[in-house]
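Only heavy atoms go into these numbers, but all of them, side chains included; no hydrogens, no water, no symmetry mates. These numbers were taken from a predicted model, which means no experiment stands behind them. Chain naming here is simple, since letters A, B, ... match the order of the sequence lines and numbering starts at 1 in each.
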Amino acid sequence: MKEGLPIEEALPRLKAALAAGPNAVLVAPPGAGKTTRVPLALLGETWLGDKTIVVLEPRRLAARAAARRMAAGLGEDVGETVGYRVHLDSKVGPKTRIEVVTEGVLTRRMLGDPELAQVGAILFDEFHERSLNADLGLALALETQGALRDDLRILVMSATINGAAVARLLGNAPVIESEGRAFPVETRYLGDVTLQEIENATVSAIRRALAEEGGSVLAFLPGEREIRRVADRLGEVSATVHPLYGALSAREQDEAIRPAAPGTRKVVLATSIAETSLTIEGVRVVVDAGFARVSRFDPRSGMSRLETVRAGRASVDQRRGRAGRTEPGICYRLWSEAAHRALLPALPPEILVADLAPLALDLAVWGAADPASLAWLDAPPQAATTQARTLLEQLGALDRDGRITRHGRRMAELPLHPRLSHMVLAGAEQGSGGRACEVAALLSERDVLTAQARDPDLRRRLDALNGSSDPHAHRGRIAEARQAAQAWKRRIKAAKDDAAMSVGALVALAYPGRVAQRRGGQGQYRLVNGRGAALAPEDPLSREPYLAIADLDDAGRDARVFLAAAIDRAEIESLFADRIETTEDVVWDERAEAVTAARRVKLGALVLDETKSETGGAEARAAAMLAGIRLMGLDCLPWTPGLRTFQARNRFLHRLDPSWPDFSDEALLAGLETWLGPFLGSSSRRAHLARIDLAAALSARLDWAQQKKLESLAPTHLDVPSGSRIALDYDVDPPVLAVKLQEMFGQVETPTVGGGKVPVVVHLLSPAGRPLQVTQDLGNFWRSGYAAVRAELRGRYPRHPWPEDPLTAPPTRRTKARM
DNA sequence: CTCTCCCT
């Protein structure tokens, strides 16, 4: 049955390559048969001797299936020549020469036995998926080969990856290519559709496919939400509609992938789960919305969030291929050919976007403190590596110098995320190992409640795990979680009866940065790391003053809480005794408009206790007062009109000469500490500001020489010919002299300020005080403007002098009679 | 309008 496979033709070349050198790359599309054929073909090679072949698969399902198919090919049972080893399940025997393992299994084995003395070859299958563990496994295998085992064969098998890059990493290993076996698929580009439009567009495309083509339809959507809505809107169609995504039970998934009954058609609405993991029989048409939902880890917050992005080209081609498994097919793409050219060849590999804490722990056990000492296709990014090592140090897995500790080694032996390993070990030390294993199972396996429960409470899940009946309990997953918890309890030899620690306290051991305190509105919390988080306000959990949050989505202003448990104050104090600080904070209380001092007991950003106090150093109180002035604005200071004029005169001089001190509001606010600070005295509330000597404070901004020059450069008043002293207005630029026209008789030169540099703007006023003329050139006004003004006003103000020649008339502020 | 997929 294997003889017809396209891979057969490539096997002789592959064997020759591995006989000649230690490494090779095999590029073969899906359906070529490489997974089953290649390991069996290598079994008789002389370089292998009596050693074994390890085949790496990215999924448990695939590992078991591959072992089964190979064993069947030999006419044997699994566990004889061919065996498998996956998490919590293995079938290997003394005769086993081919061991199919999932990726974590290989890493764990290499950490315990770096030499891999019994292994002759490692085959990395589906390497194009670039899973974190495959990248790590390859890096470790390359180091083992280089340092200890030059006879170890490494074969990278890949469907679509650029073989050249891997070949280079493998020391310029030969690349062997094989034909695939698939039917042609016609691609129809339906034009660009935005993320918001994909649901409607998918509905139309599916209807069109059902009308124009035969066979079943497989549509790719980013997630469960879109799948549900498309299913709703599809309404009555000539086919049965089946959702397909990871959170469904095995039974529901089987239902979706079963071939349609004879004479009927199906429409399967799937996430990327149907891209590689599951094959659906009878699909002739693929409708691809072109998006993928991916998890992205943010090293700054230490949290992940889901993002919906354009799928990569490799991935949409893989989706299209699903239409050509058994006969020629059609693929509708909800984008244009131009948009297709702009797609990324592939989305970034996991190692570039994932939480690297597990990787960093494994590397520390391996002895590679610096990831750069290993060979990578893409090196682990610096920011995520640093965050991971900081976390591991906090958890006690690394010492100050970044070396693995005893605790760290024990953590790495458990098949859990380092946070959960730490929780299990630290919980066990406090007599709660059993419950810690149960919580670890709840947090690492799939949710034991169905999605309909919409309840983030972990305690309810623990109860369900321990047998209490719950309408939303998922029996299959409860069994899985129990099995995992049992396995870990045996591993750490947990005592039977323990429940000393609450679920919340255990969660806090794993996620110390995610202890949260209720704040402000209903359902709103603040995390130790300062981030906001939110629960639905009607959620009973939101009555709790403190939570320990295990899972949340780091999107938006407040992260949404998916899994949490209550934790009480006493537990927080005993867990974090060494991180709780008492500080004396002196701050401005905006409502009271006063400085307040408080003793605060803090855990990170959380204020556990606050007591008002009258203490606080003078300096801190002054700083808080100044902060208050900044908030209230300069108007809270005891300004007088004279002081505002003083400010305006100085602003005028600063405009003229930038080396003159700046008295603008902005500059004054910015420099409060320097100029106002020394004059604050013991002011600690708004009312106290009235007694500040603002004049002295402002004057002190000028040095002695400037104070002397101020009066001559920017006088407050000018003497005019009538003998009056008229105030200048410095709020405008240039400054304005507003004076009755008659008081200026005889003055030809425009008065100046700024040491003669700036002629003032003269506003010549009528006897009633209304401006008649605005001029910066008095002489010109007398010559050319005065006559008209005189003609117009002589009649209206007969009691005032309107001489024919204003230059010789005596200036006066009086009427003719008073003169 | 609460989450893609996978693994020790």
Side-chain angles (χ1 to χ4, degrees), chain A residues 56-63 85-90 101-112 126 129-137 199 220-229 232 244-248 253 270-278 289 291-297 303-309 311 315 318 347 349-350 353-355 357-359 361-362 365 411-418 420-421 440-441 444-447 449-456 484 487-488 491 523 533-536 539 551-556 558-564:
Chain A
L56 212 62
E57 288 295 327
R59 277 168 291 281
R60 294 182 215 169
L61 197 76
R85 219 184 270 273
V86 302
H87 180 53
L88 302 178
D89 183 17
S90 72
V101 304
T102 38
E103 291 162 341
V105 172
L106 177 75
T107 310
R108 224 107 312 268
R109 180 188 292 183
M110 291 191 76
L111 292 181
E126 313 282 6
E129 294 188 14
R130 295 293 310 280
S131 77
L132 187 52
N133 277 321
D135 275 8
L136 173 60
E199 290 161 19
F220 284 97
L221 288 158
E224 180 180 342
R225 192 176 55 213
E226 292 85 355
I227 287 173
R228 287 228 184 101
R229 286 197 289 219
D232 282 348
L244 177 58
Y245 45 87
L248 292 176
Q253 291 189 1
T271 60
S272 53
I273 192 171
E275 203 173 296
T276 50
S277 313
L278 302 166
F291 287 87
R293 193 156 284 147
V294 292
S295 171
R296 181 174 287 275
F297 181 74
M303 299 182 219
S304 295
R305 63 173 171 271
L306 284 179
E307 284 178 358
T308 309
V309 298
S315 158
Q318 181 82 25
L347 293 184
E350 198 180 357
V353 295
D355 175 7
L359 179 91
L361 182 61
D362 290 342
V365 172
M411 279 167 62
E413 283 165 11
L414 287 169
L416 287 166
H417 188 282
L420 301 180
S421 305
S444 59
E445 301 293 306
R446 291 196 300 167
D447 197 346
L449 296 186
T450 60
Q452 288 88 334
R454 289 185 184 266
D455 183 349
W488 301 327
R491 192 98 147 230
L535 281 172
D539 195 306
D551 191 15
L552 70 179
D553 185 341
D554 186 23
D558 282 334
R560 282 171 311 222
V561 176
F562 296 133
L563 280 178

[X] side-chain proximity, nearest of [options]:
X         : options                : value
Ser272(A) : dT8(B), dC5(B), dC3(B) : dC5(B)
Arg293(A) : dC3(B), dC7(B), dT4(B) : dT4(B)
Arg225(A) : dC3(B), dT4(B), dC7(B) : dC3(B)
Arg60(A)  : dT4(B), dC3(B), dT8(B) : dT8(B)
Arg560(A) : dT4(B), dT8(B), dC3(B) : dC3(B)
Ser295(A) : dT4(B), dT8(B), dT2(B) : dT4(B)
Asp551(A) : dC3(B), dT8(B), dT4(B) : dC3(B)

Practice problem: Considering non-hydrogen atoms only, spot the tightest contact between Arg293(A) and Pro222(A) and give its length. | Solution: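 Distance-wise, the nearest heavy atoms are CB-O, 3.5 Å.
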Practice problem: Heavy atoms only: give me the nearest Ala484(A)-Ala441(A) pair and the separation to one decimal. | Solution: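 So the two residues come closest at CB-CB, 4.4 Å.
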[X] [atom1] - [N] [atom2] separation (whole Å):
X         : N      : atom1 : atom2 : result
Arg108(A) : dT8(B) : CZ    : P     : 10 Å
Leu414(A) : dC7(B) : CG    : P     : 19 Å
Ile227(A) : dC5(B) : CD1   : C1'   : 13 Å
Leu56(A)  : dC6(B) : CG    : P     : 16 Å
Leu221(A) : dC3(B) : CG    : P     : 15 Å
Asp554(A) : dC3(B) : CG    : P     : 14 Å
Leu359(A) : dC7(B) : CG    : C1'   : 13 Å
Gln318(A) : dC5(B) : CD    : C1'   : 14 Å

Quiz item: Between Ser444(A) and Leu552(A), who's closer to the 5' end of DNA chain B by nearest nucleotide?
Solution: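 This one resolves to Leu552(A).
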Quiz item: Of Glu103(A) and Pro222(A), whose closest DNA chain B nucleotide lies nearer the 5' terminus?
Solution: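 Its nucleotide being nearer the 5' end, the pick is Pro222(A).
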Under 4.0 Å between any heavy atoms, over every strand shown, what does [X] touch: base, sugar-phosphate, or nothing? Just pick one.
X         : answer
Thr271(A) : sugar-phosphate
Leu416(A) : base
Glu129(A) : nothing

Exercise. For salt bridge (charged side-chain N to carboxylate O under 4.0 Å, His left out), just list the numbers for Arg59(A) and Glu57(A), CA-CA rounded to whole Å, side-chain angles, deciding distance to a tenth of an Å, and then say yes or no.
Key: CA-CA 6 Å; Arg59(A) 277 168 291 281; Glu57(A) 288 295 327; over 6 Å; no
Quiz prompt | dT8(B) OP1/OP2 closer than 4.0 Å to side-chain N/O of Thr102(A) | solution =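 For dT8(B), OP1 or OP2 has a side-chain N or O of Thr102(A) closer than 4.0 Å.
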Practice problem: Please determine if a side-chain N or O atom of Arg229(A) lies less than 4.0 Å away from the OP1 or OP2 oxygen of dC1(B). | Solution: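 For Arg229(A), the contact criterion (side-chain N or O under 4.0 Å from OP1 or OP2 of dC1(B)) is not met.
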Exercise. Just jot down the side chain to side chain donor-acceptor pair (under 3.5 Å) partners of Glu103(A), sequence neighbours excluded, or say none.
Key: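 Testing Glu103(A) for side chain to side chain donor-acceptor pair (under 3.5 Å), a comparison that skips the adjacent residues, returns Ser131(A).
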Practice problem: Taking side chain to side chain contact (heavy atoms under 4.5 Å, CB included) as the test, write out the residues that go with Thr102(A), two or more places apart. | Solution: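 Residues passing side chain to side chain contact (heavy atoms under 4.5 Å, CB included) with Thr102(A): Arg60(A), Ala63(A), Val86(A), Val105(A).
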Quiz item: Quick one: which of Asp554(A), Asp553(A), Asp551(A), Asp539(A) gives a salt bridge (Lys or Arg N to Asp or Glu O under 4.0 Å) with Arg560(A)?
Solution: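 Checked Asp554(A), Asp553(A), Asp551(A), Asp539(A) against Arg560(A); only one passes salt bridge (Lys or Arg N to Asp or Glu O under 4.0 Å): Asp553(A).
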